[in-house]
Amino acid sequence: MGRRGYTKKEANRRRTRFMVLAGMGDFVGIVISFFVILACVVLLTTLITWLRGDLPQVIDNLKNPIINAFE
């Protein structure tokens, strides 16, 4: 069996096709990464908001037994 070679035109066409596919893959990766980062920011914002609301209750629950121990 002989090895099949590519003409310059075929090689350029294949190279262009692979470059387009690589560019599309990069674009899709960037879009997916953007949404993952956006989801992480939303989750962090929710966590910080939850901590701000919950932290005073936790401190009060810890403070009362400590104060009662010294009375």
Side-chain angles (χ1 to χ4, degrees):
M1 290 199 153
R3 212 169 100 190
R4 179 175 182 252
Y6 295 109
T7 64
K8 285 187 179 183
K9 188 175 183 179
E10 287 175 328
N12 284 336
R13 194 174 327 141
R14 287 173 54 92
R15 185 178 300 118
T16 302
R17 191 175 112 219
F18 285 125
M19 287 175 64
V20 168
L21 288 175
M24 289 177 65
D26 288 345
F27 177 74
V28 169
I30 289 170
V31 170
I32 290 172
S33 299
F34 172 77
F35 284 114
V36 168
I37 291 170
L38 188 65
C40 289
V41 168
V42 169
L43 287 171
L44 281 172
T45 303
T46 304
L47 176 64
I48 290 170
T49 303
W50 175 75
L51 281 174
R52 280 185 182 170
D54 199 41
L55 201 57
Q57 291 176 339
V58 171
I59 291 173
D60 284 342
N61 288 341
L62 292 175
K63 183 174 65 174
N64 290 334
I66 294 172
I67 291 174
N68 291 336
F70 289 108
E71 289 181 350

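What's counted below: heavy atoms across the whole structure, side chains too, no hydrogens, waters or symmetry copies. Fair warning: this is a prediction, and the values are worked out from it, not measured in the lab.
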Mind listing the side-chain donor-acceptor pairs of residues 49-60 below 3.5 Å, one per line with the distance, residues two or more places apart or on another chain?
unit_1, atom_1, unit_2, atom_2, d
Thr49, OG1, Thr45, O, 2.8

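By the side chain to side chain contact (heavy atoms under 4.5 Å, CB included) test, Ile67 is found to be paired with Lys63, Glu71, residues two or more places apart in sequence or in another chain being considered. Qualifying side chain to side chain contact (heavy atoms under 4.5 Å, CB included) partners for Val31, counting only residues two or more places apart in sequence or in other chains: Phe27, Phe35. Contacts of Arg13 classified as side chain to side chain contact (heavy atoms under 4.5 Å, CB included), with partners at least two apart in sequence or in another chain: Lys9.
Residue pairs meeting the side chain to side chain donor-acceptor pair (under 3.5 Å) criterion with at least one member in residues 15-29, sequence neighbours excluded: Asn12-Arg15.
Applying the under-4.5 Å side-chain rule to Ile, Leu, Val, Met, Phe, Trp and Tyr, the cluster around Ile66 extends to Phe70.
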